[in-house]
Peer 1: 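Quick one: the structure is below, and I'll ask about it shortly.
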Amino acid sequence: MDHGTGKTTIIKTVIELYKNQGKKVVLCAPTGRAAKRMTETTNEEAKTLHRLLEIGKIEDEDKYKSVNTEVTPLDADVVIVDEMSMVDLFLMNHLMKSLYQGTKLVLVGDSDQLPSVGPGSILKDLINSERITTIRLNKIFRQAAQSKIILNSHRVNEGDLFLNKEESDKKDLKEDFFFIKELSQDKILQQVISLCNGRLQNYGDYNFFKNIQVITPTKKGMLGTKELNITLQKYLNPKQENLKEKQIGDTVFRVNDRVMQIKNNYDISWEKQNPDFEIGTGVFNGELGTIEKIDDEEKNIKIRFDDKKLVWYEYSELDQIELAYSITIHKAQGSEFDVVIMVMPQSSTMLLTRNLLYTGMTRAKQMLIIIANNNIVEFMIQNADTKKRNTGLEEKIKNLL
């Protein structure tokens with residue numbers, strides 16, 4: 001299911017149709033970020049699969065990886081799962097065990113994105129078996145068809161290079177996609193710094209801390225998340241005498257830093273102050289926020305997440321938090337950002353794949369800027385032989401049905 005093809009509209013319509021028949025519809029997604037986005041786009045509550053099946057507490061332990069884990073049966077007539085490409089074999093097994101006979105299951109996803117981190121390639125196998133009713137959305141609607149981001153994402157997915165200037169001019173497209181060709185890592189880095197540090201304000205209301213995200217395939221090297229985070233923090237949120245900071249290992253956390261939760265924590269408490277006071281528990285892997293206060297006396301820091309949750313972390317809990325000026329494309333999957341700056345350094349060919357490039361490109365809502373050596377981008381577009389996963393699921397489904 002491709003970008004700009006009406007996925008959200010269809011999910012909303014399916015919900016409405018079943019609700020009108022008095023049916024109970026349950027929405028879920030594999031990650032906290034994806035569930036949150038599903039809630040925002042449908043105005044219906046969506047949960048993470050872990051929370052829905054109540055297997056959250058054991059997520060980091062081996063029990064989650066066991067096929068015999070007890071799961072809570074789901075009281076639902078219809079279950080809709082979004083971002084299905086991220087669901088692995090174990091999670092799918094738990095989900096299937098939780099369904100009563102007669103419950104309808106609607107799986108929504110894009111099998112051209114990165115496969116799940118865990119084993120299996122569930123969505124691909126289900127589709128390839130040709131035994132499950134499958135509808136492919138491949139028509140780009142009018143509004144989306146004027147976007148270079150969306151047209152170029154589709155081209156990449158089909159193995160074609162980005163639109164050239166003549167093609168763009170002919171179609172009178174939105175200027176929402178820029179490919180900056182640079183050969184050296186130093187030059188790429190300078191471009192990233194200047195784009196994040198005010199250069200984009202000439203194009204619109206773009207401010208790094210409000211709506212710009214840097215993404216990269218790798219954690220290592222000058223253009224990996226580790227180094228990029230340190231460099232961008234230095235330029236965008238430098239040390240100030242009057243602002244507190246706290247060092248944990250190699251990382252210095254400062255007030256106003258962009259940060260990301262990197263584990264599912266189902267127990268941590270939060271509160272929201274507007275419009276009504278609300279309290280709850282749980283912050284999930286991939287959720288982004290901003291440090292508001294560092295308190296040496298209480299030994300804790302206060303983070304306001306993008307959905308307005310306020311959370312206090314003890315200093316001892318800061319291993320769950322990372323700087324997020326730059327995040328990996330894997331971590332960005334299931335999220336969208338107004339402006340995406342994507343760098344593509346020379347790294348292992350296992351990472352430089354077509355579906356990684358496509359997944360990164362489809363994170364951008366209003367503007368996408370790719371900064372890379374042209375040869376690397378061309379290599380990625382051609383490199384469609386992602387590491388093949390050996391699974392028997394497709395054959396088993398064919399034999400069963």
Side-chain angles (χ1 to χ4, degrees), residues 32-33 186 188-201 205-216 218-265 268-274 283-328 331-332 335 337-343:
R33 287 281 296 185
D186 283 320
I188 294 176
L189 185 61
Q190 291 314 313
Q191 291 275 14
V192 172
I193 292 165
S194 102
L195 285 163
C196 292
N197 210 2
R199 181 168 140 204
L200 283 179
Q201 283 164 356
D205 182 20
Y206 297 133
N207 167 300
F208 183 82
F209 290 95
K210 213 166 81 184
N211 48 16
I212 298 173
Q213 183 63 56
V214 178
I215 62 175
T216 173
T218 177
K219 291 178 181 175
K220 297 179 187 148
M222 186 196 284
L223 297 172
T225 51
K226 238 177 160 51
E227 294 288 326
L228 274 173
N229 274 322
I230 293 168
T231 306
L232 288 169
Q233 184 191 44
K234 187 174 88 180
Y235 282 94
L236 299 168
N237 193 23
K239 184 177 174 60
Q240 292 178 46
E241 286 310 310
N242 60 336
L243 284 182
K244 286 243 169 73
E245 49 179 57
K246 173 69 187 163
Q247 182 154 359
I248 301 281
D250 299 341
T251 308
V252 175
F253 291 110
R254 296 190 180 125
V255 172
N256 299 327
D257 272 339
R258 286 293 285 155
V259 290
M260 177 193 260
Q261 171 81 9
I262 55 166
K263 295 178 178 166
N264 284 342
N265 183 337
I268 197 162
S269 304
W270 51 259
E271 63 180 54
K272 283 186 192 182
Q273 287 156 342
N274 55 330
V283 179
F284 301 108
N285 187 352
E287 287 200 55
L288 293 159
T290 304
I291 295 180
E292 288 200 339
K293 186 179 179 187
I294 297 177
D295 188 332
D296 274 337
E297 282 170 24
E298 295 290 331
K299 295 205 170 358
N300 64 15
I301 71 172
K302 179 166 97 175
I303 297 175
R304 181 182 296 274
F305 284 91
D306 290 355
D307 61 355
K308 307 286 188 280
K309 282 197 301 255
L310 283 173
V311 186
W312 280 261
Y313 285 80
E314 304 292 322
Y315 283 175
S316 60
E317 297 175 308
L318 291 181
D319 60 339
Q320 304 177 29
I321 292 291
E322 268 180 8
L323 292 177
Y325 292 86
S326 162
I327 62 177
T328 62
K331 281 281 191 210
S335 303
F337 309 95
D338 289 348
V339 179
V340 168
I341 299 169
M342 177 157 65
V343 296

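All values below were derived from every heavy atom in this structure, side-chain atoms included, with hydrogens, water molecules and symmetry-related copies excluded.
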Peer 1: Could you tell me the separation between the OH atom of Tyr206 and the SG atom of Cys196, rounded to the nearest 0.5 Å?
Peer 2: 14.0 Å
Peer 1: Using a strict threshold of under 4.0 Å (side-chain N to carboxylate O), is an ion pair present between Asp296 and Lys246?
Peer 2: no
Peer 1: Establish, from distance only, whether the side-chain atoms of Asn285 and Asn264 form a donor-acceptor pair under 3.5 Å.
Peer 2: no
Peer 1: If a pair satisfies salt bridge (charged side-chain N to carboxylate O under 4.0 Å, His left out) and one of its residues is in residues 218-236, list it, with sequence neighbours excluded.
Peer 2: none
Peer 1: Is it the case that the side chains of Asn265 and Gln320 hold a donor-acceptor pair, with the cut-off being a distance below 3.5 Å and no angle test?
Peer 2: yes
Peer 1: Quick one: do Ile321 and Ile262 satisfy side-chain contact (heavy atoms from CB on, under 4.5 Å)? Show the steps, please.
Peer 2: CA-CA 6 Å; Ile321 292 291; Ile262 55 166; over 6 Å; no
Peer 1: Working note: Tyr325 + Asp257, criterion side-chain contact (heavy atoms from CB on, under 4.5 Å); need CA distance, chi angles, decisive distance, verdict.
Peer 2: CA-CA 8 Å; Tyr325 292 86; Asp257 272 339; 2.4 Å; yes
Peer 1: Assess whether side-chain contact (heavy atoms from CB on, under 4.5 Å) is satisfied between Ile215 and Val340, documenting all intermediate values.
Peer 2: CA-CA 7 Å; Ile215 62 175; Val340 168; 3.5 Å; yes
Peer 1: Will you find, in the side chains of Gln191 and Arg199, an N or O donor that is under 3.5 Å from an N or O acceptor?
Peer 2: yes
Peer 1: So how far is it from Thr290 OG1 to Lys210 NZ, rounded to the nearest 0.5 Å?
Peer 2: 13.0 Å
Peer 1: Which pairs, with at least one residue in residues 317-327 and sequence neighbours excluded, count as a salt bridge (charged side-chain N to carboxylate O under 4.0 Å, His left out)?
Peer 2: Lys263-Asp319
Peer 1: If you compare all heavy atoms of Arg33 against all heavy atoms of Ser335, which two are closest, and at what distance to 0.1 Å?
Peer 2: NE-OG, 3.0 Å
Peer 1: Measure the shortest side-chain to side-chain distance between Asn197 and Phe208 over non-hydrogen atoms and say whether it is less than 4.5 angstrom.
Peer 2: no
Peer 1: Does any part of the side chain of Thr231, heavy atoms only, come nearer than 4.5 Å to the side chain of Ile193, both counted from C-beta?
Peer 2: yes
Peer 1: Is there a donor-acceptor pair under 3.5 Å between the side chain of Glu314 and the backbone N or O of Ile301?
Peer 2: no
Peer 1: Rounded to the nearest 0.5 Å, what separation is found between the CZ atom of Phe337 and the CG atom of Asn211?
Peer 2: 11.5 Å
Peer 1: Find the distance between CG (Asp338) and CD1 (Ile212) and round it off to the nearest 0.5 Å.
Peer 2: 9.5 Å
Peer 1: Start with the C-alpha distance between Ile327 and Gln213, add both sets of side-chain angles, then the distance that settles side-chain contact (heavy atoms from CB on, under 4.5 Å), and finish with yes or no.
Peer 2: CA-CA 8 Å; Ile327 62 177; Gln213 183 63 56; 3.7 Å; yes
Peer 1: Distance check, rounded to the nearest 0.5 Å: Ser326 atom OG versus Leu223 atom CG?
Peer 2: 9.0 Å
Peer 1: Hey, does the side chain of Asn229 reach the backbone of Leu323 with a donor-acceptor pair shorter than 3.5 angstrom?
Peer 2: yes
Peer 1: When rounded to the nearest 0.5 angstrom, what is the spacing between OG1 in Thr251 and CD in Gln233?
Peer 2: 8.5 Å
Peer 1: I'd like to know if the side chain of Asp295 reaches the main chain of Glu297, judged simply by a donor and an acceptor atom lying under 3.5 Å from each other, with no hydrogens or angles considered.
Peer 2: yes
Peer 1: What I want to check is whether the side chains of Glu245 and Gln247 have a donor and an acceptor closer together than 3.5 Å.
Peer 2: no
Peer 1: Which pairs count as side-chain hydrogen bond (donor to acceptor under 3.5 Å, both in side chains) when at least one residue sits in residues 298-309, sequence neighbours excluded?
Peer 2: Arg258-Asp306, Glu287-Lys309, Glu292-Arg304, Asp307-Lys309
Peer 1: Quick one: closest heavy-atom pair of Leu288 and Ala324, and the distance?
Peer 2: CD2-CB, 3.5 Å
Peer 1: When you compare the side chain of Phe253 with that of Ile248, does any pair of heavy atoms fall below 4.5 Å?
Peer 2: yes
Peer 1: Are the side chain of Asp205 and the backbone N or O of Gln201 linked by a donor-acceptor pair below 3.5 Å?
Peer 2: no
Peer 1: Looking at Leu232 and Val192, what are the two nearest heavy atoms and their distance?
Peer 2: CD2-CG1, 4.1 Å
Peer 1: So do the side chains of Asn237 and Val255 get within less than 4.5 Å of each other, counting heavy atoms only?
Peer 2: no
